Amino acid sequence: MTTTSDSAAPFRAAPASPKFPALEEQMLEFWQQNDIYKQSLERRADAPPFVFFEGPPTANGMPHPGHCLTRAIKDVFPRYKTMRGYRCERKAGWDTHGLPVEVEVGKELGIHSKEEIEAYGIEPFIQKCQQSVWRYMQQWQRLTERLGFWVDLEQAYVTYHQSYVESVWWSLKNLFDRGLLYQGHKIVWWWAQGGTALSSGEVGQGYREVADPSVYVKFPLVDDPTRSLLVWTTTPWTLPSNMYAAVHPELEYSLVKHSETGEEFFLASALVKTIADKAKCEFDVLETCRGTDLIGLRYTPPFDGYLKSTGDPTGTLRTPVGDQKTEHHYWRVVAADFVTTDSGSGIVHQAAAFGEVDYEVYDEQRRRFVDGEQPELLCAVGPDGKFNEAVPEAFLGVWVKDADKALSRDLKERGLMFLQEQYLHDYPFCWRADQDPLIQYPRRSWFIRTTKFRDLMLKNNSQIGWQPEHIRDGRFGNFLESNVDWALSRERYWGTPLPIWVCEETGRMEAVGNYDELLAKPGIQGTEVWLEAKAANPELVDDLRVHKPYIDAVTYDSPFADGKRMRRVSEVIDCWYDSGAMPFAQWGWPHTGDQQFQSQFPADFISEAIDQTRGWFYSQLAIATMLFGEGASVAEPGCDVEAMKVKDLDYPLPFRNCIVLGLMLSQWWEHEDDQKKKTILLEESETKQHSGKKFSKQVGKMSKSLRNYRSPEEIFDRYGADALRWYLFANQAPWNSIIYAEQSIKDSIPEFLLRLWNTFSFFTIYAEIDGFDPRDAVAADEQLTPQSLASAPKYRPASERSEIDRWILSELNQATAKVIDRMDALDNYNACQAISSLLDGLSNWYVRRSRDRFWASDKDSQEKHDAYWTLYETLLELVKLAAPFTPFLADTLWQRLTEPFGDKTLCSVHLCDFPEVDTDRIDTDLSDSMRLLREIASLGRAARASEKLKVRLPLSEVTVILTDDSQIAWLQNHDALVREELNVKAVHYTTEGDQYVQYTVVPNFKRLGPKVGKQVPAVKKALAEADGNELLGQLQSDGVVKLELGDGVIELDGDDIEVRLQAKEGWAAAQGLGSVVVLHTEVTPELQREGIANDLIRAIQNQRKAIDCQYTDRIRVAIDTAGDEVSTAIEEHRETIASETLADSLEIGTIDGVEAAASEHGGVFVAKGNAS
RNA sequence: GGGCGUGUAGCUCAGUUGGUUAGAGCGCGUCGCUGAUAACGACGAGGUCCCAGAUUCGAAUUCUGGCACGCCCA
């Protein structure tokens, strides 16, 4: 070959067993030192943007394998889009606020309750919180980098940063000024003894079964005190706070008469008998009605505390103008859909203060009244869980759960108790003080009126490209449909402070949009608290000045009352609001970053796991809908919306596409011994090392305490990040829940990484031997595109190269088209399938069938150059295709493949453009023909196997019978492949196979169905019964087949039917769908001897390897045989044997001092060195 | 209890608008190849497509009702 280079070989043979984790570590260092990620962005500085939002991980706790999936998916599409010519900025982000962080710090300090935190000091506590998230952020950064997730960690947005907090403040001020931020009640699970609400997670931990009372109480009607509602409740202590009695409007109710006492009750018809039985009495049904008929009936509440103190107030209803109606505030029958007849009486006591559902009923009632005349929430219990003045004196100050019995006795004495029972149910207790039952209790809370935006949110949702699609109308759509106002505030410490200041005199409020605005307020005081803290501890992060407790100290003159102060409310906000504000808050917008925000909104692509539907997906959608586009005009009456509107922003939605990932489960093998001690193994193969123990396979959630999964770090060290990534991308659609199966991660090495490496390695071995030098392509560009390589003198256009070259180039371009199509549709799974099958074709067919050209001794033959250029180009393009998926290996191979060019080529594949499809190189007919040819080869091997005729033994002929002659000409021109593959002397193709095969004609149902409809079974039957050969003959001569059916004749053309072949008995044959391959099995002595020669070649080659020959070492060979046939075979094929094995001498006999290798034809002696 | 999803080979998973022989990889078995060699190839066995019903000429695929599992909510 040509030698334009100074060095002997521009390519070095690659090591056979690469250590992928070590190669990846090297690559990480290279990327870092050369700032490849930044370079990849700079190359796209003026390109159209592809906008990606990073959903901020909570920097609390260590990252686990599930996070690897999210981060890998978040990486692959931006990488792909960058290579495709887009500018895809990737700003990292961290969610740093919230209860989980407080709990984590609490654990560290050994404290838990709010009292303990306050005793410890809010100031040191939030400092600890800030330090804690910082520590975890570093762990996450390590994982992020090692996984190859390219994202700008240096410029990450952090939710506790001042600029971020101020953006959130701006948005809250905007909502407040539009009247959309209001104070209301929220019913929470309340730990009265500890004075704090518990999160749902904490509540879930503390359920246990207890017996509670279940009582049926009489509520006498105001208009007819002889009649009562029979009302059911399981919490007698809430009766003093009764507000309504609820019925289901559609249920049937009965008015019954007690057969003994004569009292009359309303209750659900379905429960009349049940309750009569329970009370051991008889009811006579007087009349029935529907629930709606009862609505509005007034009754006397069981305890009169509120009746006395309020005087049974009324209010004006919201009705059309001029149509004034009033209604009593309390103690009426109302409608509620949740009432059932599964238990109770069908009439349910409503105490809005102590139940979320009850509260909703109350809220609905409240909204029926005009402003200022609405019912108040009745609540006879203080935050300490004890009764207040609204109850009879005997109960004042009693802990509610202790009062059930006494209250019941009181009701009995007053004749209001109808029936009393006990029932068992699960009830939550405080998880750390397990004697303390929790109660539902109302807390003042801040809400955002998201319900006003329900339709707009649905409209935005409808335009989002969800993957999978069912999220839109399923889980997410349903969630939006049942939207309730967002409970924004949290009575906690570490969070974005709610930026609302209240006048200490009038209670009037205003929102503050940023820190400077606050400082500019008249009479500002309290800022010194922060300054002093900072002076005392200069290490303090400046961002803390907008946090509790420093911000709480800041007060200013009230604009509402002379001489009075404005003080901040004490709450912080839900950290989901923080994350949902990231589209603008990540830039500090609107205070800063206008240009970035304008160009980076909305997102083209986001992805998170399905648990984020109610989390980040919602918070983003809700906030964007309220602030931007059509929603920006929504406000309470009297607000000047135009003044508050964000100018020039008319965005419909916060993100255009979202892949919703499934959850990740773990898989492990478990054994439990007699002492209940568990042994956990992560790989099935390991169970064999514990003989005698029975392991059962488990699939379930990943559990830190069970240690039922391997940490990402260990996976990286064992198999590498590419192995994990390929497993995540190529094994399943990402929205399915995925089982983290270590074996499958391991398998991605031989299935993809090693196969790619071996193909590359094959190339380098021969490129080194032959001195193939790609620098002959003098006009090669920095990306080594196929076009630019064409400048090499021995480079022939693809159209002039051999069939197999054109085939693999066609496969390459088809695969490229498929990958682009799939990746544009956010379908990584099928993109990987396309890459995988391309690699399979390259490795298992192209290389296999092109070996002889690489081995050919004529180093300068055109065929050899064709093979090199084809393989080289294909590898280069394949590596680019793989780059987004397995970035480490792809870059390693790119660097080695481009090494001869030095600085002339790009130093990283990630700076390249994604391959373009060259449609001129796609030849689908060739693909079809090659598929048929591979099928024929495969059938031939199957036939050989069934006759126990090994491939080394040559055969004279195979006959291939086809159903039609359309491919025969092509196959005949290219039968060398089949001859070599099957080791036969000749191949005959024919459609006249009556001798070997039977023809059957089967319907093509897809065409026939629409055509003949119900006659399909009859046609099928007729075809099966007819003589196939005859039908085929008809078809070939007339072009149609006529079938006699019971009710007439049907004509079928060639597309309506398919011809199938069935090999006849007695032939060494194998059948496929459209072809049968028949072997001619007679073995002549000549063929036998050629087979012997092949056997010997193999034995000698084995021996070469055994004595450590280099590829090019010459050898001496002797065969120790007494057989004439073997000797003759050696003589006949001496040339071939010698050239194949690089033997300088080939004798019958032995070689002294050399150990013989046994073979079926005698001892084989191989020695290094030439004959002399 | 409600909503959403999942159920296909021993394992991990595909399966396009319904088309009659349901696929891949791994694992297993048999064989082959041997200048990619701790690699590679072929062939084979292995399936009640969770169950029952409906629609249809035809259902893994559509519908209804179960069962099991998962997630979210109550």
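Since we're looking at a predicted model, the values are computed, not measured. Just so it is clear: chains get the letters A, B, ... in the order the sequence lines come, proteins before strands, and each one is counted from 1.
Under the Watson-Crick and G-U wobble criteria, each requiring two contacts below 3.5 Å, nucleotide B:C71 is paired to B:G3. The partner of B:G53, taking Watson-Crick or G-U wobble pairs whose two distances both stay under 3.5 Å, is B:C63. Figure legend. B:A42 is base-paired to B:U30; pairs are counted as Watson-Crick or G-U wobble with both atom distances under 3.5 Å. Using Watson-Crick or G-U wobble geometry with both donor-acceptor distances under 3.5 Å, B:G23 finds its partner in B:C13.
Between the CD1 atom of A:Ile749 and the P atom of B:G27 there is a distance of 13 Å, given to the nearest Å. If you take CD of A:Gln612 and C1' of B:C71, they are 13 Å apart, rounded to a whole angstrom. The CG-P distance, from A:Asn758 to B:U34, rounds to 18 Å in whole Å. The separation between A:Lys1020 atom NZ and B:U21 atom C1' is 11 Å, rounded to whole Å. A straight line from NE2 of A:His470 to P of B:U62 spans 13 Å, rounded to a whole angstrom. Put simply, CD on A:Gln732 is 15 Å from P on B:U8, counting in whole angstrom units. Atom C1' of nucleotide B:G5 and atom CD of A:Gln467 are separated by 16 Å, given to the nearest angstrom. Put simply, CG on A:Asn844 is 14 Å from C1' on B:A24, counting in whole angstrom units.
The separation of B:A9 from B:A24, taken at their P atoms, amounts to 14 Å, rounded to a whole angstrom. Comparing the same atom, P, in B:C63 and in B:G19 gives a spacing of 15 Å after rounding to whole Å. Across B:C11 and B:C50, the matching P atoms stand 14 Å from one another, rounded to whole Å. With both ends at atom C1', the span from B:G10 to B:G46 equals 8 Å, rounded to whole Å. Of the P atoms belonging to B:G25 and B:U21, the separation is 22 Å, rounded to the nearest Å. Distance noted for atom C1' between B:U62 and B:G23: 22 Å (whole Å). Atom P of B:A59 sits at a distance of 25 Å from the matching atom of B:A14, rounded to the whole Å. When the C1' atom is compared between B:U64 and B:U56, the two are found 16 Å apart, to the nearest whole Å.
Among the heavy atoms of the strands lying under 4.0 Å from A:Leu1142 is at least one base atom, whether or not backbone atoms are also near. If you check every strand for non-hydrogen atoms under 4.0 Å, A:Val847 touches a base. Among the heavy atoms of the strands lying under 4.0 Å from A:Thr759 is at least one base atom, whether or not backbone atoms are also near. Contacts of A:Ala733 with the nucleic acid, taken as non-hydrogen atoms under 4.0 Å apart, involve only primed sugar atoms and P, OP1 or OP2. A:Arg941 comes within contact range of the sugar-phosphate backbone alone, with a heavy-atom separation under 4.0 Å but no base atom that close. At the heavy-atom level, A:Thr613 lies nowhere under 4.0 Å from the strands shown. A:Asp611 comes within 4.0 angstrom of no nucleic acid atom, judged by non-hydrogen atoms across all strands. Residue A:Tyr766 is in sugar-phosphate contact alone, with no base atom involved, counting any heavy-atom pair closer than 4.0 Å across all strands shown. Nucleic acid contact class of A:Phe479 (heavy atoms, under 4.0 Å, all strands): none.
Both A:Arg952 and A:Tyr740 lie near RNA chain B, and the one whose nearest nucleotide falls closer to the 5' end is A:Tyr740. Comparing A:Arg1007 and A:Pro750 along RNA chain B, the residue whose closest nucleotide (by nearest heavy atom) sits nearer the 5' end is A:Arg1007.
Closest contact between the side chain of A:Asn478 and the listed nucleotides B:C26, B:A36, B:G3 involves B:G3. Of the listed nucleotides (B:G19, B:G3, B:U37), B:G3 has the atom at the smallest distance from the side chain of A:Arg475. The A:Val1016 side chain lies nearest to B:C57 when the options are B:C57, B:U34, B:C72. Of the candidate nucleotides B:C26, B:G35, B:G41, B:C26 has the atom lying nearest to any side-chain atom of A:Glu751. Of the candidates B:U12, B:C26, B:C73, B:C26 carries the atom nearest the A:Asp747 side chain, counting heavy atoms from C-beta on.
Checked for salt-bridge contact, A:Glu1090 and A:Arg952 miss the test: no charged N lies under 4.0 Å from a carboxylate O.
A close approach under 4.0 Å does not occur between any side-chain nitrogen or oxygen of A:Arg822 and OP1 or OP2 of B:A14. The phosphate of B:A14 has OP1 or OP2 within less than 4.0 Å of a side-chain N or O from A:Asn736. Close to B:C43, at under 4.0 Å from its OP1 or OP2, lies a side-chain N or O of A:Ser938.
Remark: the A:Arg851 side chain and the B:A36 base include a donor-acceptor N/O pair separated by less than 3.5 Å. At a cut-off of 3.5 angstrom, counting only N and O atoms as typed in the model, there is no donor on one side facing an acceptor on the other between the side-chain of A:Lys1006 and the base of B:U20. Taking only distance into account, the side chain of A:Ser761 never meets the base of B:A39 through a donor-acceptor pair shorter than 3.5 Å.
Aromatic pair A:Phe763/A:Phe854: ring centres not closer than 6.0 Å. Aromatic ring centres of A:Trp486 and A:Tyr618 lie closer together than 6.0 Å. Ring pair A:Phe617/A:Trp466: centre-to-centre distance below 6.0 Å. Ring centroid separation for the pair A:Tyr829 and A:Phe729 does not come in under the 6.0 Å cut-off.
Ring pair A:Tyr868/A:Phe772 is parallel by interplanar angle, where below 30° counts as parallel and above 60° as perpendicular.
When side chains are defined from C-beta on, A:Phe885 counts as touching A:Ile835, because their heavy atoms get closer than 4.5 Å. Residues A:Leu842 and A:Leu878 are in side-chain contact: their nearest non-hydrogen atoms beyond the backbone lie under 4.5 Å apart.
Between the side chain of A:Glu608 and the backbone N or O of A:Gln612, no donor-acceptor pair lies under 3.5 Å.
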